[in-house]
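A, B, ... follow the sequence lines: proteins, then strands. Residue 1 opens every chain.
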Protein chains: 2
Amino acid sequence: MHFVEDIVAKGVRERRFDIERQGRVVPGLLWTPPDAEGSRPLVLIGHGASGSKREDYVVALGRRLVRHLGYAAVAIDGPVHGDRRTKTGSAPDAPFFDFGQMWSSDMTMTDDHIGDWRATIDALQAESDIGVGAVGYWGLSMGTILGLPTVAAESRISVAVLGLMGLTGPTKARIATDAATISCPVLFLMQWDDELFPRDKVFDLFGALGSSDKRLHAHPGRHGDVPLEEFEASERFLALHLGA
Amino acid sequence: MHFVEDIVAKGVRERRFDIERQGRVVPGLLWTPPDAEGSRPLVLIGHGASGSKREDYVVALGRRLVRHLGYAAVAIDGPVHGDRRTKTGSAPDAPFFDFGQMWSSDMTMTDDHIGDWRATIDALQAESDIGVGAVGYWGLSMGTILGLPTVAAESRISVAVLGLMGLTGPTKARIATDAATISCPVLFLMQWDDELFPRDKVFDLFGALGSSDKRLHAHPGRHGDVPLEEFEASERFLALHLGA
């Protein structure tokens, strides 16, 4: 892992890093308390389609977890997103469902991304101001499409906020299998008027989660209209399960 | 209004009162801070079928609102419930759906109960330690069957926690009409495995609520399994909208 930028703004330290893995570079942003020492919980934040690690709500959530809880938070660019966009103009600015077609049913992209997150946890927990503490995951929409299999595969993740996704699309079978194996506490968010995922498919996914300790929060509005209330709820939920 | 009992236990004053209205007696329990002076928010708590104003979760919620927020809270017995059971053994110990048959489609019982709540607000807001402050409503299951029309009819109620009910049964048409007229913030609770209300009917009722500021919280489990988490969420939600 190489840190390529290191700044402090409004009480939060933000470091840009790159992790080299299998000939590729995984670019990330890390938020920690300035002058932090010793181990602390780490929250992985997965961004949505067409977004990046610098998405406004990603950065806001990362900073919130540092300022309010003293946690470390990290976001990495998803496949062909952010600094991993190709130079040839294949950037996924298209609406989500077009982008969804990029996923092959063999889940290669998903499995690669699980590897990216594992390498990120390994690298960050070796840092003296993060250490080996509890790990949580937060990601909606594409952050759940890629993140739900990550939560299922990675036993170090002990709590997750997921949502804005349904049991549908080319990866449905794998997602259903992965969902059933998840046993950690889950907060699942949905938008009542989501134009991308049919309501009954969203309910199917919530129902498929293996966790007995799960809850669904729904609000009126479209896919992108998740209210501040649920970022507050996310913080409370992560804090309850990740501790001090 | 006559107070028939007045005790203080663990920092909460509890008063048993009777309100006479149209030749009937409406028995209630009032929780306030001991030695309170001046006006404060008032939360109306509607109990479930076969329950009463002394139901454990009703009393616990009332005491919680007093201890944590300094509010006043009140519960009254529903029709033929609690101290309003008839002497001839017609007490509704039957499961809810049998009891549901007691409702006639002309909603006389519901409209009577709206009158009971209105008289209760009138009487309590005349008390010097309650006064004319903001009013909230909390009631699940039968507490929504009777409470949703109350929230729709009573403009003094500015926030409501409802749930454990679907758009079904003999009062469906009226409930749908009333739901559409509700415009205050609503927290709506449901149980994912509710054995009394089909999931799609519960979604129908949440969808029918006219409020733009509404959210649905769902948990695994049966009708009666609402977790402590949602009592905490109820308190937070009421506090946000009723103020100090």
- Could you tell me which portion of B:Phe188 (side chain, backbone, both or neither) has an atom closer than 4.5 angstrom to a non-hydrogen atom of chain A? neither
No hydrogens needed, just list the donor-acceptor pairs between chain B and chain A under 3.5 Å.
| residue | atom | partner | partner atom | Å |
| --- | --- | --- | --- | --- |
| B:Arg215 | NE | A:Glu229 | OE1 | 3.4 |
| B:Arg215 | NE | A:Glu229 | OE2 | 2.7 |
| B:Arg215 | NH2 | A:Glu229 | OE1 | 2.6 |
| B:Leu216 | N | A:Ala218 | O | 2.9 |
| B:Leu216 | O | A:Ala218 | N | 2.8 |
| B:Ala218 | N | A:Leu216 | O | 2.8 |
| B:Ala218 | O | A:Leu216 | N | 2.9 |
| B:Glu229 | OE1 | A:Arg215 | NE | 3.4 |
| B:Glu229 | OE1 | A:Arg215 | NH2 | 2.6 |
| B:Glu229 | OE2 | A:Arg215 | NE | 2.7 |

- All side-chain contact (heavy atoms from CB on, under 4.5 Å) counterparts of A:Ala60, not counting sequence neighbours: none
